[in-house]
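Have a look at the structure below, then the notes.
Scope of the values below: all heavy atoms of this structure, side chains included, with no hydrogens, waters or symmetry mates.
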Amino acid sequence: MRLIKKRANTVPVIDYDPEHMEAILKCNTCNSDRVAGFRDSRTGEFTEVMNIRSDMDLADFKAAYGLESVREVYGWS
């Protein structure tokens, strides 16, 4: 009997243009919510991909999109 359940890859994969879209981690200082996604530099539109609940979720997001780093942005509502 297995005691620890293996994590399934839960990162939804979307099409994005790396030249015009930047990986962003939207952080809320009031309730510690973090949302990973992409911001279009031309329009400023943010495309939400997933909620980040742990460092493991952030590592999964980076691995799914081949990212080395994700910029944190505070103060967005």
Side-chain angles (χ1 to χ4, degrees):
M1 183 166 122
R2 182 178 237 171
L3 296 176
I4 300 174
K5 190 163 67 169
K6 187 176 179 180
R7 280 178 49 109
N9 188 2
T10 59
V11 179
V13 179
I14 63 167
D15 291 330
Y16 81 101
D17 182 8
E19 290 184 22
H20 298 288
M21 298 182 90
E22 176 185 12
I24 298 285
L25 187 63
K26 285 177 39 176
C27 303
N28 186 332
T29 57
C30 294
N31 58 12
S32 302
D33 282 345
R34 298 188 303 169
V35 178
F38 297 98
R39 185 183 69 84
D40 191 327
S41 61
R42 297 169 291 187
T43 64
E45 180 181 347
F46 180 76
T47 303
E48 182 178 319
V49 175
M50 66 181 290
N51 288 325
I52 303 296
R53 294 183 204 106
S54 67
D55 290 335
M56 204 173 209
D57 286 343
L58 183 57
D60 289 345
F61 175 73
K62 288 180 183 178
Y65 290 98
L67 304 170
E68 293 181 13
S69 65
V70 178
R71 185 168 67 103
E72 293 183 0
V73 176
Y74 293 89
W76 283 15
S77 48

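Two residues are said to be in side-chain contact when any heavy atoms from C-beta on lie closer than 4.5 Å; V35 and F46 meet this criterion. Put simply, the side chain of T47 does not reach to within 4.5 Å of the side chain of Y16, judged on heavy atoms.
The distance from atom SG of C27 to atom CZ of R71, rounded to the nearest 0.5 Å, is 11.0 Å. A distance of 5.0 Å separates CD of E72 from CG of L25, quoted to the nearest 0.5 Å. The distance from the CZ atom of R34 to the NZ atom of K26 is 14.5 Å, given to the nearest 0.5 Å. Here the CD1-CG distance, from I52 to D60, works out to 8.5 Å after rounding to the nearest 0.5 Å.
Scanning for side chain to side chain contact (heavy atoms under 4.5 Å, CB included) contacts around N31 gives N28, D33, with sequence neighbours left out. T43 meets the side chain to side chain contact (heavy atoms under 4.5 Å, CB included) test with D40, E45; sequence neighbours excluded. Partners of D17 by side chain to side chain contact (heavy atoms under 4.5 Å, CB included), not counting sequence neighbours, listed by chain and number: E19, H20.
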Check: residues 62-69 side-chain donor-acceptor pairs under 3.5 Å, at least two apart:
{"residue": "Y65", "atom": "OH", "partner": "P12", "partner atom": "O", "Å": "2.6"}
{"residue": "Y65", "atom": "OH", "partner": "I14", "partner atom": "N", "Å": "3.0"}

